[in-house]
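Just so you know, these numbers come straight off a predicted model, no measurement behind them. All heavy atoms count here, side chains included; hydrogens, waters and symmetry mates do not. Naming: A, B, ... by sequence-line order, numbering from 1 per chain.
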Amino acid sequence: DTGVSQDPRHKITKRGQNVTFRCDPISEHNRLYWYRQTLGQGPEFLTYFQNEAQLEKSRLLSDRFSAERPKGSFSTLEIQRTEQGDSAMYLCASSRAFNEKLFFGSGTQLSVL
Amino acid sequence: AQSVTQPDIHITVSEGASLELRCNYSYGATPYLFWYVQSPGQGLQLLLKYFSGDTLVQGIKGFEAEFKRSQSSFNLRKPSVHWSDAAEYFCAVAPISGGGADGLTFGKGTHLIIQP
């Protein structure tokens, strides 16, 4: 497999700007997950999709965050009106089914100035 | 809500020595249990997982972990570490049912340092 790819690898933005990240999962994987990881912490679950349906959202996902997976393939995560507290590594992962092995991408590092 | 505790933030081990990384979980029932490794600039990689059956599970890179229900623990071990094992290690749990929050809950990680 080609692995999970995320774009961009790094994003620097000013507070108040909107940013969008893209995740391309492994092609036959139905489940796609977004996590956030801050320095010195483990990844925190944000949301996941089964095909194009968003089935679960964490309380961490404020209304400034929106995720889509329109055709059940790639996914985007948008953060509106970014805040300095949004600075983190945003990780995407995919799997074929529930509790099948998760494959993680290398992440998008967001820095909000 | 489930939680994972990794009591050791940093561990330093000499190359060739044995290793044990501790993990305790809090959950209403036996969850699925995982160990992941994260090297700088790389994505998280699954080392091993426990779903049911034999409580001693073997993983990649010579790692193993033992599930102890009575202690709510899932400690990771390796008999002889290599310099390439230096990384961040995360223990994680996931609900068996799949209902509600489906994602993994991770511990805060243990940073493993290998001394020559």
With sequence neighbours left out, the residues meeting salt bridge (charged side-chain N to carboxylate O under 4.0 Å, His left out) with A:Glu68 are none

Checked B:Glu88, B:Gln38, B:His111 vs chain A; the most non-hydrogen pairs under 4.5 Å come from B:Gln38

When the 4.5 angstrom heavy-atom criterion is applied to A:Gln37 and chain B, the contacting part is side chain

Is a donor from one side chain sitting under 3.5 angstrom from an acceptor on the other, for A:Gln17 and A:Lys11? no

Bottom line for A:Leu102: the part with an atom under 4.5 Å from chain B's heavy atoms is both

Can you see whether A:Tyr48 has A:Arg31 sitting over its ring - NZ or CZ less than 6.0 Å from the centre and within 45° of the normal? no

With a cut-off of 3.5 Å and sequence neighbours excluded, list every side-chain donor-acceptor pair involving residues 68-76 of chain B.
from    : atom 1 : to      : atom 2 : distance (Å)
B:Arg69 : NH1    : B:Thr30 : OG1    : 2.5
B:Asn75 : OD1    : B:Cys23 : N      : 2.9
B:Asn75 : ND2    : B:Glu20 : OE2    : 3.4

Comparing B:Phe90, B:Phe106, B:Tyr36 against chain A, the one with the most heavy-atom pairs below 4.5 Å turns out to be B:Phe106

